Amino acid sequence: MEKIKDPSIYRNPVILQSEDLTKYILETAVYPREPEALKELREANNNHPWGFIATLPDAGQLMSLLLKLLNPKKTIEVGVFTGYSLLLTALNIPHDGKITAIDIDRKAYDIGLPVIRKAGVEHKIDFIESPALPILDKLLEDPANEGSFDFAFIDADKENYVNYHERLIKLIKIGGLLVYDNTLWGGRVSWPEEKVPPHTRSGRNAAIEFNKTITNDSRVEFALTSVGDGLNICRRVA
Ligand SMILES: C[S@@+](CC[C@H](N)C(=O)[O-])C[C@H]1O[C@@H](n2cnc3c(N)ncnc32)[C@H](O)[C@@H]1O
Ligand SMILES: O=c1cc(-c2ccc(O)cc2)oc2c(O)c(O)ccc12
């Protein structure tokens, strides 16, 4: 992550109609049910200058529910940071479930690792420090990996979402889920470009392009949900 004096200029605004409504959802429904380990990791994120880029806890709650419904054995995560979404995945898949977790930088993962260890789920995680695209291409070199994953969560560089999708759609089995974070980009996807602060334009344009791609992709059925920062939930159907 490049060094920026005040990373919080990147912080996305909430996407619901008011901050009070977001607060209501978090305080009455999300925090009371959030597992202790996730709470601990969220608190560690609050002390990290880039902590706001972690998956939001209301999005995490919806993902936990999807994971419980799907009961996936083989999952993949692109974009780990300190591991909030990774830990919630590990907590919600079966004891013998596995997660291939890819991030270009291991430093932040090392902050979350003690919490993941304490929660007793480290054995489910295979962390790979690398840019994600070459790892996905390598997985695709082995035909046994095609259609072998049950679940994927994508939360890395937004400009590559379309490229990740082209690879992950081949790795996911029919009926499996691909969940993409930040697809409403703080609501800025609906703003005229000139009103979007320049430093957040590339993320906004990438989210618009990605959502358009998914809408036109007959290999998936999907829902673009206004939970967290926008979760695009896709199910592979062909
Ligand atoms: C928004 S954070 C992930 C947050 C995480 N899901 C969580 O809940 O804490 C995005 C992560 O993507 C990683 N990243 C950025 N570009 C990447 C790339 N090309 N390949 C793999 N990881 C990348 C960054 O290092 C960063 O840790
Ligand atoms: O403001 C951000 C920035 C990112 C981001 C930037 C560059 C990368 O290579 C990866 C991620 O991600 C964010 C994010 O996931 C989020 O939930 C809020 C804000 C940002």
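Quantities reported herein were computed from a predicted structural model and do not represent experimental measurements. Start at 1 with the first residue, then count along the sequence. Whatever order the structure lists them in is the order used to number ligands and atoms, beginning at 1.
Polar contact with ligand 1: absent for Val78 (N/O pair, distance under 3.5 Å). Of the polar atoms of Asn12, none of the N or O atoms is found under 3.5 Å from an N or O of ligand 2, judged by distance alone. Looking at Thr55 next to ligand 1, an N or O pair under 3.5 Å apart turns up. Geometrically, ligand 2 and Trp185 share no nitrogen or oxygen pair separated by less than 3.5 Å. The N/O atoms of Asp105, backbone and side chain alike, include none that comes under 3.5 Å of an N/O atom in ligand 1. Considering backbone and side-chain N/O of Phe153, none are found under 3.5 Å from N/O of ligand 1. For Asp155, a nitrogen or oxygen atom sits less than 3.5 Å from a nitrogen or oxygen atom of ligand 2, counting backbone and side chain alike. The shortest N or O to N or O distance between Ala132 and ligand 1 is below 3.5 Å.
A donor and an acceptor atom, one from each side chain of Glu193 and Asn205, are located under 3.5 Å apart.
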For Tyr164 and Asp157: C-alpha separation, side-chain torsions, deciding distance, then whether side-chain hydrogen bond (donor to acceptor under 3.5 Å, both in side chains) applies.
CA-CA 10 Å; Tyr164 295 140; Asp157 45 335; 2.6 Å; yes
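The residue Phe52 has no part lying near ligand 1, judged by heavy-atom distances below 4.0 Å. Only backbone heavy atoms of Ser130 (N, CA, C or O) come within less than 4.0 Å of ligand 1; its side chain stays farther off.
Checked for salt-bridge contact, Lys173 and Asp150 meet the test: a charged N lies under 4.0 Å from a carboxylate O. With respect to Glu34 and Arg42, a salt bridge is recorded, a charged nitrogen being found less than 4.0 Å from a carboxylate O. Look at Arg219 and Glu166 and you find a salt bridge, because one of the NZ, NE, NH1 or NH2 atoms lies within 4.0 Å of a carboxylate O, short of that distance. The pair Glu146-Lys170 fails the salt-bridge criterion, with no side-chain N (NZ, NE, NH1 or NH2) lying under 4.0 Å from an Asp/Glu carboxylate O. The pair Arg167-Asp137 meets the salt-bridge criterion, since a charged nitrogen lies less than 4.0 angstrom from a carboxylate oxygen.
The Ala156 neighbourhood of ligand 2 comprises atoms 10 (C), 11 (C), with distances under 4.0 Å to a heavy atom of that residue. Listed by number with element, the atoms of ligand 1 under 4.0 Å from a non-hydrogen atom of Phe81 are 2 (S), 3 (C), 4 (C), 5 (C), 9 (O), 27 (O). Distances below 4.0 Å separate heavy atoms of Pro131 from the following atoms of ligand 1: 20 (N). In summary, the atoms of ligand 1 found under 4.0 Å from a heavy atom of Asp157, numbered by their order in the structure, are 15 (C), 16 (N), 17 (C), 18 (C), 19 (N).
Atom NZ of Lys118 has 12 or fewer neighbouring heavy atoms from other residues, nucleotides or ligands inside a 6.0 Å radius.
Here the shortest heavy-atom distance to atom 20 (C) of ligand 2, taken over Ile53, Thr55, Asp157, belongs to Ile53. Here atom 9 (O) of ligand 1 lies nearest to Val80 when heavy atoms of Val80, Leu38, Ile104, Ile128 are compared. Closest to atom 4 (C) of ligand 1 by heavy atom, among Leu133, Asp155, Asn182, is Asp155. The residue among Ile53, Asp103, Asp181, Leu87 with a heavy atom at the shortest distance from atom 2 (S) of ligand 1 is Ile53. Taking all heavy atoms of Ser85, Pro134, Gly60, Ala101 into account, the minimum distance to atom 6 (N) of ligand 1 is reached by Ser85. Considering each of Ile104, Asp105, Asn182, the one bringing a non-hydrogen atom nearest atom 16 (C) of ligand 2 is Asn182.
Here the side chain of Arg236 pairs a donor or acceptor atom with the backbone of Ala238 at under 3.5 angstrom.
Taking NZ from Lys74 and OG1 from Thr100, the interatomic distance works out to 7.0 Å, rounded to the nearest 0.5 Å. The distance from atom CD1 of Ile25 to atom CG of Asp20, rounded to the nearest 0.5 Å, is 11.5 Å.
For Phe81 and Tyr109, the ring centers are positioned 6.0 Å apart or more.
At least one heavy atom of Lys158 sits under 4.0 Å from some atom of ligand 2. Ligand 1 does not have Ala108 within reach: every non-hydrogen atom of the residue lies 4.0 Å or more from it.
Relative orientation of the Phe210 and Tyr161 rings is perpendicular, given thresholds of 30° and 60° on the angle between their planes.
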